[in-house]
There are 2 protein chains.
Amino acid sequence: MLVEDTLAHTLAQRGYKLTQPRRAVLKVLAAAGATLTPAEIHRRARSHCLHTGLVTVYRTLDLLTACGAIRKVHHADGCHAYALASGGHAHHVICECCQSVVEFDNCDLGTLLAAVQRRTGYQISGHWLELFGLCPNCRP
Amino acid sequence: MLVEDTLAHTLAQRGYKLTQPRRAVLKVLAAAGATLTPAEIHRRARSHCLHTGLVTVYRTLDLLTACGAIRKVHHADGCHAYALASGGHAHHVICECCQSVVEFDNCDLGTLLAAVQRRTGYQISGHWLELFGLCPNCRP
DNA sequence: GTATTTGCAAAATGTTTGCAGCTGC
DNA sequence: GCAGCTGCAAACATTTTGCAAATAC
């Protein structure tokens, strides 16, 4: 598993261990290819690692987010979902029907940012963009 | 007060009443010019309407959001803040230091959306963009 | 006058912490 | 072997619900 190998390496570099629950959480998100809530991740993780506790899921999500392996995404209603992140600066397109996600990285906002900066006087240092729509499978 | 008159009208149109607590919540957000959490809005609202309860604040925030008078914004950590919305499609630039917000509406994402749509096969129907930075007052 | 709204208390939900025992390296 | 990790229970924070009294129109 490529994703797992990368993770093992990343964790080891920082002095962390690749444990069964951590492996399970990553597997779940990789297999889903969709955004999942902590509760749903917990439910699914138990099929890989039987006694995984919800608390561990929360702690693992924080850790994996810090490592850049996953990313928190915000839905319109709640904002408590996570998706696999392939690394580097990227954004997500999320299917409003099945929650499947795809990343894209060519966010060419240079012109827009410059215009906003000029008009508002704010020195812009970061942005956060999410797209919503229907994936090929959910299209009418 | 222009903001209030508009609100009174919008509410009346839908069969809602303009009550003291609702007025207070709107005043607080208008005066702050920044994003505020429900708890902070509650705290400040009491100076306008003494016995405003936290529950009412929550209900009012939902109502005002439905009316388009305010908008929920998501910060990096939590996502439980609200800001005044001037109506129509718009996005916010948020100061990472003092939380002040400014709206902008010229979000020209046409080219970007078309490219993502072509590459991912998703039919994109909405987007959500927030910018972060430092406002003129907080700049070094 | 009446339907809507409020505030309180209490419930439900979601997240974090403390700590003894277990696991990966 | 030992630092780091886990799971449980329990604390904590946040949001929602039920209902009698109050309010706007």
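Below, chains carry the letters A, B, ... as their sequence lines are ordered, and counting in each starts from 1.
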Between [X] and [Y] (side chain of the first, backbone of the second, donor and acceptor by atom type, cut-off under 3.5 Å), is there such a pair?
X: A:Arg139; Y: B:Gly121; answer: yes
X: B:Thr60; Y: B:Thr56; answer: yes
X: B:His42; Y: B:Thr52; answer: yes

Exercise. Considering the options A:Val73, A:Val28, A:Leu61, which one meets the side-chain contact (heavy atoms from CB on, under 4.5 Å) requirement together with A:Leu36?
Worked result: A:Val28
Problem set entry | d(CG, A:Leu7; P, C:dG24) in whole Å | 15 Å
Exercise. How close or far is atom P of D:dC5 from atom CG of A:Leu11, stated in whole angstroms?
Worked result: 9 Å
Under-3.5 Å N/O pairs linking protein and nucleotides 22-25 of chain D:
unit_1	atom_1	unit_2	atom_2	d
D:dA24	N3	B:Lys17	NZ	3.2
D:dC25	OP1	B:Leu18	N	3.3

Exercise. Which pairs pass salt bridge (Lys or Arg N to Asp or Glu O under 4.0 Å) with one or both residues in residues 34-61 of chain B, sequence neighbours excluded?
Worked result: B:Glu40-B:Arg43, B:Glu40-B:Arg44
Indicate, with yes or no, if [Y] and [X] share a hydrophobic cluster defined by side-chain heavy-atom contacts under 4.5 Å among Ile, Leu, Val, Met, Phe, Trp and Tyr.
X: A:Ile124; Y: B:Ile94; result: no
X: A:Leu11; Y: A:Ile70; result: yes
X: A:Val93; Y: A:Tyr82; result: no

Exercise. Are OP1 or OP2 of C:dT6 and a side-chain N or O of B:Arg22 less than 4.0 angstrom apart?
Worked result: yes
Exercise. To the nearest 10 degrees, how far apart in direction are the end axes of the helix from C:dG1-D:dC25 to C:dC25-D:dG1, each fit to five base pairs?
Worked result: 50°
Seminar exercise, completed: CZ (A:Phe132) and NE2 (A:His92) are apart, to the nearest 0.5 Å, by 11.5 Å
For this session: Return the set of residues passing salt bridge (Lys or Arg N to Asp or Glu O under 4.0 Å) with B:Glu103 (not counting sequence neighbours), or none when no residue passes.
Result: B:Arg71
For this session: Assign each of B:Arg59 and A:Pro21 to its nearest nucleotide of DNA chain D by heavy atoms, then name whichever residue's nucleotide is nearer the 5' end.
Result: A:Pro21
For this session: Anything under 30° is parallel, anything over 60° is perpendicular, the rest tilted; go ahead and classify A:Phe104 against A:His91.
Result: tilted
Exercise. Relative to each other, are the rings of B:Trp128 and A:Trp128 parallel, tilted or perpendicular (30° and 60° limits)?
Worked result: perpendicular
Problem set entry | Contacting residues from residues 40-52 of chain B, given that a heavy atom lies under 4.0 angstrom of DNA chain C | B:His51, B:Thr52
For this session: Taking atom types as modelled, find out whether A:Tyr122 and B:Ser100 have a side-chain donor-acceptor pair closer than 3.5 angstrom.
Result: yes
Would you tabulate the nitrogen or oxygen pairs shorter than 3.5 Å linking the protein to nucleotides 12-16 of chain D?
unit_1	atom_1	unit_2	atom_2	d
D:dT15	OP1	B:His80	ND1	2.9
D:dT15	OP2	B:Tyr58	OH	2.1
D:dT15	O5'	B:Tyr58	OH	3.3

